[in-house]
2 protein chains.
Amino acid sequence: MTAVNSSGFPAPAGIYAVPVVLAPLSGRLHVLLVRRVEAPFAGTWVLPGGFMSPSERPEETAQRKLTEKTGVGAVYLEQLETYGDPERDPRGWIPTVAYLALIDAAVLRADESSSRWEPVDALPPLGFDHPRIVVDAVERLRGKLWWSNIAVGLLPERFTMPQARRVFEAISGVTYEPSNFRRELEQSGLVHATGTLAKGGPGRPAAMYEFVERQPAWSLRRSRPPAMLRHRS
Amino acid sequence: MTAVNSSGFPAPAGIYAVPVVLAPLSGRLHVLLVRRVEAPFAGTWVLPGGFMSPSERPEETAQRKLTEKTGVGAVYLEQLETYGDPERDPRGWIPTVAYLALIDAAVLRADESSSRWEPVDALPPLGFDHPRIVVDAVERLRGKLWWSNIAVGLLPERFTMPQARRVFEAISGVTYEPSNFRRELEQSGLVHATGTLAKGGPGRPAAMYEFVERQPAWSLRRSRPPAMLRHRS
DNA sequence: TAAATAGTGTCTTTAAGACATTATCGC
DNA sequence: GCGATAATGTCTTAAAGACACTATTTA
């Protein structure tokens, strides 16, 4: 597949938008895959995606493709990187813009035969350069987890501390000490208690929290380069 | 300008690569601008850049454009983001991939009439959506300064602590306490002393340091999410 | 030997790690 | 009341902040 622009120069045959949809499922971080029907890589698992159109902003394309595949909109959508190596797509020169897309695990619709959630630490073989894209997405999520409110995409609007802890544990792959987890998340300034309690199960009811800001924001904690001078000229 | 691919679908008229070249000059962070000669925005300052070709990897295009404008290769080149809004370029559908490019201030060649260094906190009016791209680049640099070896791109191969401090100060816009600056940079694990001394000026000669790793790497310091459980099941 | 610059040591303050303890639910 | 779960308090340890001080050069 080739393209030429009106000035006679070679143009990309198209631009692909690829949402990397991550969600914690049963304690592990999973990614949404679809089975590819056409060549190349027919029959293998790949990330969902589709061609951008000139009338859409790139995030809109990513959002649309995501909704087509999952039935839900992403709570959090962030551009990851653009992959444009000449040989990455056998069909021709087709750069791909990857997006990190996070959705609350609670709103996922049931699996279908054409799409599947797979744990990111045990992926099946993927077509194109998609294994690398998944790795980049997971790295971005893990890297920002404690330094931003990126988890807003993975938790319901109101949540409890133990619930948040389990999500953080699924993403980072470690087990946190509950009281320290609580202290750190509170000190981050990203969440605040709503005053209500989660009732239902056994045990003391947990307090409900919510994110102060649902737009992308940075944590206040431990972002401390060396101190500035104070009492000197 | 329009393009159509061999399947009959609209294709981007091209993809632009735009290096955002940053360097500390006389204590302030500057960005390299060029004067645009053709419409649109003829006569106004813009970021350097050019069309990608199907035979190049995107970073190669950015690197090539950078070399054409400055005569030097970037020490550090990192993809920033892709800007693809339909209306961002009056010429047509031309997504732009921006790159953060850092070069050692010492290797810059002299200014020319067609290109100029401007301080990032007092920019002239820029064409296209380039003001936003500069803001994004500066934010990326500032954000990674203390958490990665990104400064490898802004310092000569061997440098002194005061030299590094002045560069860090130019980027972050704050003044560091020298002994704490030294302690933090050493504890980061990113640099190590070479054993040699910088001679010349007045005052005690400074020890020379170099980066342990010149490839992108993360700092060891203070990247501490809450502790894991240890003595429990 | 004075001015200038670089480097070391250390006391104080703040944040994180590691629990023990207390609180509140359903059964 | 008992098991289960959530929340609080606190002692210990480690890191950062704020300096005072020492060291080594050139003029």
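Below, chain A is the first sequence line, B the second, and so on; all start at residue 1.
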Between [N] atom [atom2] and [X] atom [atom1], what is the distance in whole Å?
{"X": "Phe181(A)", "N": "dA7(D)", "atom1": "CZ", "atom2": "P", "answer": "12 Å"}
{"X": "Lys199(A)", "N": "dA4(D)", "atom1": "NZ", "atom2": "C1'", "answer": "16 Å"}
{"X": "Glu184(A)", "N": "dA15(C)", "atom1": "CD", "atom2": "C1'", "answer": "8 Å"}
{"X": "Trp146(B)", "N": "dA16(D)", "atom1": "CH2", "atom2": "C1'", "answer": "12 Å"}

Exercise. What pairs with Arg28(B) under side chain to side chain contact (heavy atoms under 4.5 Å, CB included), at least two apart in sequence or on another chain?
Worked result: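 Result, side chain to side chain contact (heavy atoms under 4.5 Å, CB included) vs Arg28(B): His30(B), Pro119(B), Asp121(B), Ala122(B).
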Exercise. For Gly153(B) and Tyr76(B), which heavy atoms make the closest approach, and how far apart are they?
Worked result: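 It is CA-CB, 3.8 Å.
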For this session: Check ring pair (Phe, Tyr, Trp, His ring centres under 6.0 Å) between Phe168(B) and all other residues, then give those that pass, not counting sequence neighbours.
Result: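 For Phe168(B), the residues satisfying ring pair (Phe, Tyr, Trp, His ring centres under 6.0 Å) (neighbours in sequence not counted) are Trp146(B), Phe181(B).
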Donor-acceptor contacts under 3.5 Å from residues 201-217 of chain A side chains, at least two apart:
residue	atom	partner	partner atom	Å
Tyr209(A)	OH	Arg182(A)	NH1	3.3
Tyr209(A)	OH	Glu186(A)	OE2	2.8
Glu213(A)	OE2	Gln215(A)	N	3.1

Review item, side-chain donor-acceptor pairs of residues 133-145 of chain B, under 3.5 Å, at least two apart:
residue	atom	partner	partner atom	Å
Asp136(B)	OD2	Tyr83(B)	OH	2.6
Arg140(B)	NH1	Glu78(B)	OE2	2.5
Arg140(B)	NH1	Gln79(B)	O	3.3
Arg140(B)	NH2	Leu80(B)	O	3.0
Arg142(B)	NE	Ile171(B)	O	2.6
Arg142(B)	NH2	Ile171(B)	O	3.4
Lys144(B)	NZ	Glu78(B)	OE1	2.9
Lys144(B)	NZ	Glu78(B)	OE2	3.4

Problem set entry | For Thr160(A), all residues meeting side chain to side chain donor-acceptor pair (under 3.5 Å), sequence neighbours excluded |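 Testing Thr160(A) for side chain to side chain donor-acceptor pair (under 3.5 Å), a comparison that skips the adjacent residues, returns none.
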Exercise. Using a cut-off of 4.0 Å between protein heavy atoms and nucleotide atoms, how would you tag nucleotides 4-10 of chain C 5' to 3' with B, S and -?
Worked result: BBBSBBB
Exercise. Can a side chain N or O of Gln187(A) be found less than 4.0 Å away from OP1 or OP2 on dA16(C)?
Worked result: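 Checking Gln187(A) against dA16(C): at least one side-chain N or O falls below 4.0 Å of OP1 or OP2.
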